[in-house]
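In the text below, chain A, chain B and the rest are named by the order of the sequence lines, each starting its count at 1.
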2 protein chains.
Amino acid sequence: MSTIVDASLRIADADGLEGLTMRRLAADLSVTPMAIYHHVPGKDQLLDLMADESLKTLPGVDRSADPAVELRRLFTAMHRLYLAHPALAQVMAQRPMEGPTAGLVGEEVLYVLTAAGLDDDAAISALITLTTYTSGASLYRLSRRRHVGARGEPLAEIAAGTMPTVHRLRRKINAARDTDKQFTDGLTRLVDSYLGGRGSGP
Amino acid sequence: MSTIVDASLRIADADGLEGLTMRRLAADLSVTPMAIYHHVPGKDQLLDLMADESLKTLPGVDRSADPAVELRRLFTAMHRLYLAHPALAQVMAQRPMEGPTAGLVGEEVLYVLTAAGLDDDAAISALITLTTYTSGASLYRLSRRRHVGARGEPLAEIAAGTMPTVHRLRRKINAARDTDKQFTDGLTRLVDSYLGGRGSGP
DNA sequence: ACCTGAACACCGTTCAAGT
DNA sequence: ACCTGAACACCGTTCAAGT
């Protein structure tokens, strides 16, 4: 059954989520499409299993190290994981990640946050905000990569009269869009905000 | 042609993005599936047109008002727009929004940020961070709504031993997940961070 | 310029049957 | 317990033909 999940991840990495069909998966496993349904209830559950499996590659946190550093490390790793496996990010955008591994990651984050002095409500809020920011930023970068040049250069034909600032900054905007620096900037601001400025140094 | 876009939005609101097929759209317009292809190049371009059309309902910003208030107002409106039209959020997660209306929204935000004293790079960074946070938070709430109870209560069966904090806070986590308060908290932190604490009062 | 009919190359999944 | 064959009810899109 983890043979099925592994093959699915291989296909999704190679040909994207739209390349992953039950029929293609069956062919790769030299089996009839229907054989898969005896191991997995359906395609949706297969996607859940794939997502949870991917999360296992995330690093654990060092509970004795600086909380701000550890949080930035973990969510940067999550961001990189999404960028490396676009299908995972797409699945997570559609379906909530509620598998066991997602739970373990949440446990790590909540531990760090409460150990840093946040009360329960603040820790939960920080966990959700950091998670949603990371997924939003990842999807943003991925969507731009996927459709690069697909619709011409739309911002090039903008009316300078109606959007002068966008027109003036066009080049800079496009340069900033798909950079680690952009992601790190937002992440750092959120981490600093929740940890109250403490812990950004050693 | 905007008849086609309007009908598409109606279908997507009623039956979700997966209910919007070229054949269903054609049937609603009392026309053959192929007739649509004489007005729109394909389904992907139709989705782009739908997304841009939806953005037109966003409010403009008051350029003489408090920047922090105006930014919170605009991104809260964007969040509500996504929640009201889940298909729009799904489209935006898959394809970058580069239509004319998206450009106008960006223009508004960049104006407010630069008028508040941010330099070009900081304004661009803030625009992207606020946009990606809003979309990530919206998708998170929507994905949980869509699959509520679809896979049982996964967090209920967690091992208290391996994730004690998640286990202890289970109820609070689930309660916080789909609330405006959660979104507003992260948004306020980002806005305050970029505007340097100024402007949160009158 | 605008629409139609028929077809192509796909999907996920059900159902009955085989070993 | 595990797999197969054939079919159902769909997709988006191409192509040639009609008005």
Side-chain angles (χ1 to χ4, degrees), chain A residues 1-53 86-88 90-96 143 146-147 149-152, chain B residues 1-53 86-88 90-96 143 146-147 149-152:
Chain A
M1 202 219 52
S2 86
T3 314
I4 295 179
V5 174
D6 289 349
S8 303
L9 286 168
R10 262 198 311 278
I11 295 172
D13 280 343
D15 297 342
L17 194 58
E18 89 277 354
L20 173 61
T21 69
M22 298 303 265
R23 295 170 123 103
R24 162 74 191 279
L25 175 60
D28 277 25
L29 295 170
S30 304
V31 100
T32 265
M34 284 321 300
I36 297 167
Y37 287 86
H38 291 275
H39 300 89
V40 172
K43 191 177 185 181
D44 285 354
Q45 286 75 9
L46 177 60
L47 296 178
D48 287 339
L49 292 171
M50 287 172 59
D52 201 73
E53 185 64 30
L88 170 63
Q90 290 175 261
V91 169
M92 168 231 58
Q94 232 74 10
R95 319 174 49 76
S143 74
R146 204 165 16 236
H147 300 95
R151 281 163 291 175
Chain B
M1 200 215 57
S2 85
T3 314
I4 295 179
V5 175
D6 289 350
S8 302
L9 286 168
R10 261 198 311 276
I11 294 172
D13 281 343
D15 296 343
L17 194 57
E18 89 279 353
L20 173 62
T21 69
M22 297 303 266
R23 295 169 124 101
R24 162 75 192 280
L25 176 59
D28 278 23
L29 294 169
S30 303
V31 100
T32 264
M34 285 321 300
I36 297 166
Y37 287 87
H38 292 275
H39 300 90
V40 171
K43 192 177 184 181
D44 285 354
Q45 287 76 9
L46 178 61
L47 296 179
D48 288 338
L49 292 171
M50 286 171 61
D52 201 74
E53 185 65 30
L88 169 63
Q90 290 175 261
V91 168
M92 169 229 59
Q94 231 74 8
R95 322 176 46 77
S143 74
R146 204 166 15 236
H147 300 94
R151 280 164 292 176

Applying the Watson-Crick and G-U criteria (both distances under 3.5 angstrom) with [ ] for crossing and | for other-strand pairs, one obtains for DNA chain D ||.|||||...|||||.||

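- Put simply, CG on Leu46(B) is 12 Å from C1' on dG12(D), counting in whole angstrom units.
- Of the P atoms belonging to dC10(C) and dA9(D), the separation is 22 Å, rounded to the nearest Å.
- Screening residues 27-39 of chain B for side chain to side chain donor-acceptor pair (under 3.5 Å), with sequence neighbours left out, gives Arg24(B)-Asp28(B).
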Verdict with reasoning, Leu47(A) to Leu17(A), per side-chain contact (heavy atoms from CB on, under 4.5 Å): CA-CA 10 Å; Leu47(A) 296 178; Leu17(A) 194 58; 4.0 Å; yes

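- Asp44(B) is linked by a side-chain hydrogen bond (donor to acceptor under 3.5 Å, both in side chains) to nothing, counting only residues two or more places apart in sequence or in another chain.
- Pairs of residues two or more places apart, or lying in two chains, never qualify as salt bridge (charged side-chain N to carboxylate O under 4.0 Å, His left out) while including a residue from residues 30-42 of chain B.
- In terms of heavy atoms, Leu88(A) sits closest to Ala51(A) at CD1-CA, 3.5 Å.
- In the region residues 21-42 of chain A, proximity to DNA chain C at under 4.0 angstrom, judged on heavy atoms, holds for Thr21(A), Met22(A), Arg23(A), Met34(A), Tyr37(A), Gly42(A).
- As a whole-Å value, the separation of Met1(B) CE from dA1(C) P is 18 Å.
- For the C1' atoms, the distance from dC3(C) to dC15(D) is 14 Å, rounded to whole Å.
- Asp6(B) meets the salt bridge (Lys or Arg N to Asp or Glu O under 4.0 Å) test with no other residue; sequence neighbours excluded.
- The shortest non-hydrogen separation linking Ala12(A) to Met50(A) is CB-CE, 3.9 Å.
- Atoms CG (Asp44(A)) and C1' (dC11(C)) sit 14 Å apart, rounded to a whole Å.
- Side-chain contact, Arg146(B) with Gln90(B): a donor N or O sits under 3.5 Å from an acceptor N or O.
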